[in-house]
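The block underneath contains the structure these notes are about, expressed in C-alpha cells.
The residues of the chain are indexed from 1 along the displayed sequence.
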Amino acid sequence: MARHAFAATIVKIGINPCVAVPPRVSRAFARRGYVPVKGALNHSPIRATLVPVGGGRHRLYLNTEMRTEAGVGVGDRVRVTLEVDTARRKASIPPELTAALRRNRTAARAFAAATPSYRRDILLYLNWLKTPESMQRNVRKVIAYLVRHRGRRRPGRGVPLPRPAGSYPQTGARSGRRPDA
C-alpha cells in the first residue's frame with residue numbers, strides 16, 4: 001500500500017480541529033467521498049476518515065485523543081502520513097443493547113433486518129454515550145424506534161435516529177411544508 005506524507009497546520013473549522021489534505025494526496029487515494037485511512041500524526045499512530053470538502057479535496061479531522069497522543073494543538077505545524085485503511089471497522093454492541101434486544105423480539109428482528117450501515121449508525125450513536133443513565137435511556141429510545149419502524153430495512157430519509165427531547169427546532173411542520181403554508 002502506498003503511503004502519502006505531507007505537512008500541514010492544524011486549523012479549527014467551527015469547533016473541529018483539522019488539517020487540509022493537499023490535492024496531490026487526495027488524488028492519490030483515487031476515491032471520491034469518505035476514505036478510511038491509517039497512518040501517523042507526528043509519528044503517533046492514528047486511524048481516521050478523510051472527509052470530502054468538494055473539488056476532489058479532503059479534510060482530516062483530528063480528535064482530542066489524536067492531538068493529545070501526538071502532543072499537538074490548533075496552530076501547530078504537523079507531519080501527517082496516511083494510507084488507505086483496508087481493515088474492517090466494526091462498532092461494538094453495548095451489553096445494554098444486547099440485553100434489550102433479547103427482551104424484545106420485534107426490535108431484535110428489526111435490528112437484524114436493518115442494513116449494515118444503519119446498524120452501524122445505531123451502534124455509533126450508543127457508543128458515544130458516557131454515563132450508564134444515558135446509555136439506559138437511549139437504549140430504550142432505540143428499542144422503541146426499532147419497534148416503530150419494524151419491517152423496513154432502513155427507515156427513509158427524514159427519519160433520524162432518536163435524539164434527546166428539544167434537539168429539533170419546533171416548527172410545527174410535520175409534512176415538510178412551511179408552517180405558514
Side-chain angles (χ1 to χ4, degrees), residues 1 13-18 21 26 29-39 41 45-54 56 58-69 82-177:
M1 260 180 238
I13 307 249
I15 61 168
N16 302 306
C18 63
V21 176
S26 284
F29 287 111
R31 285 192 193 175
R32 296 180 61 86
Y34 295 88
V35 182
V37 293
K38 62 183 178 178
L41 176 65
I46 61 170
R47 279 184 86 191
T49 302
L50 296 182
V51 177
V53 293
H58 292 88
R59 190 174 289 145
L60 175 65
Y61 287 94
L62 304 171
N63 66 31
T64 303
E65 184 180 337
M66 290 177 198
R67 295 188 321 274
T68 302
E69 286 289 320
L82 298 174
E83 65 184 90
V84 173
D85 186 1
T86 57
R88 186 142 171 94
R89 295 182 179 186
K90 192 170 183 178
S92 63
I93 299 177
E96 296 88 350
L97 179 62
T98 301
L101 290 172
R102 281 191 191 124
R103 289 189 303 269
N104 190 316
R105 289 178 191 241
T106 303
R109 282 192 298 271
F111 188 73
T115 62
S117 64
Y118 192 64
R119 284 193 303 268
R120 182 175 179 270
D121 287 348
I122 290 172
L123 297 177
L124 290 175
Y125 169 75
L126 292 174
N127 284 323
W128 277 100
L129 302 173
K130 307 234 185 302
T131 66
E133 295 82 18
S134 62
M135 177 63 78
Q136 289 298 327
R137 182 177 57 249
N138 285 284
V139 163
R140 284 192 303 271
K141 288 180 182 180
V142 166
I143 295 298
Y145 182 80
L146 288 168
V147 168
R148 201 169 45 249
H149 296 286
R150 67 185 176 272
R152 294 188 193 172
R153 288 189 50 82
R154 178 179 172 97
R157 284 205 150 116
V159 182
L161 285 171
R163 306 263 176 152
S167 61
Y168 292 107
Q170 299 300 316
T171 62
R174 296 194 187 279
S175 65
R177 293 180 294 122

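- Using a 4.5 Å heavy-atom cutoff, the side chains of Leu101 and Ile93 are not in contact.
- With sequence neighbours excluded, the residues forming a side chain to side chain contact (heavy atoms under 4.5 Å, CB included) with Ala100 are Arg103, Val139, Ile143, listed by chain and number.
- Across every non-hydrogen atom of His58 and Val35, the tightest pair is NE2-CG2, 3.8 Å.
- The two atoms that bring Asp85 and Lys38 nearest to each other are CB-N, 3.8 Å, heavy atoms only.
- Shown here for Leu60 and Ala48, the closest heavy-atom pair between the two residues is CD1-CB, 3.5 Å.
- Taking OG1 from Thr131 and CZ from Arg137, the interatomic distance works out to 6.5 Å, rounded to the nearest 0.5 Å.
- Looking at Asn63, its side chain does come within 3.5 Å of a backbone N or O of Met66 through a donor-acceptor pair.
- Using a 4.5 Å cut-off on side-chain heavy atoms (C-beta onward), Pro52 and Tyr34 make contact.
- Between Gly56 and Ser26, the closest heavy-atom pair is O-CB, 3.2 Å.
- Distance check, rounded to the nearest 0.5 Å: CZ of Arg67 to CG of Leu41 gives 9.5 Å.
- Proximity of Val53 to Val21: side-chain heavy atoms (C-beta onward) are nowhere separated by under 4.5 Å.
- Rounding to the nearest 0.5 angstrom, the gap separating the CD atom in Gln136 from the CG atom in Leu97 is 10.5 Å.
- The minimum heavy-atom distance between Pro94 and Asn127, with the atom names listed, is CG-OD1, 3.6 Å.
- The backbone N or O of Val51 sits nowhere less than 3.5 Å from a side-chain atom of Arg59 that would complete a donor-acceptor pair.
- Rounded to the nearest 0.5 Å, atoms CZ (Phe111) and OG1 (Thr98) are 8.0 Å apart.
- Between atom CZ of residue Arg148 and atom OG1 of residue Thr106 there is a gap of 13.5 Å, rounded to the nearest 0.5 Å.
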**Study point:** CA sep, side-chain torsions, deciding dist, call: Leu50, Leu82, side chain to side chain contact (heavy atoms under 4.5 Å, CB included)
**Key:** CA-CA 10 Å; Leu50 296 182; Leu82 298 174; 3.9 Å; yes
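- Heavy-atom minimum distance, Thr49 versus Val37: N-CG2, 4.3 Å.
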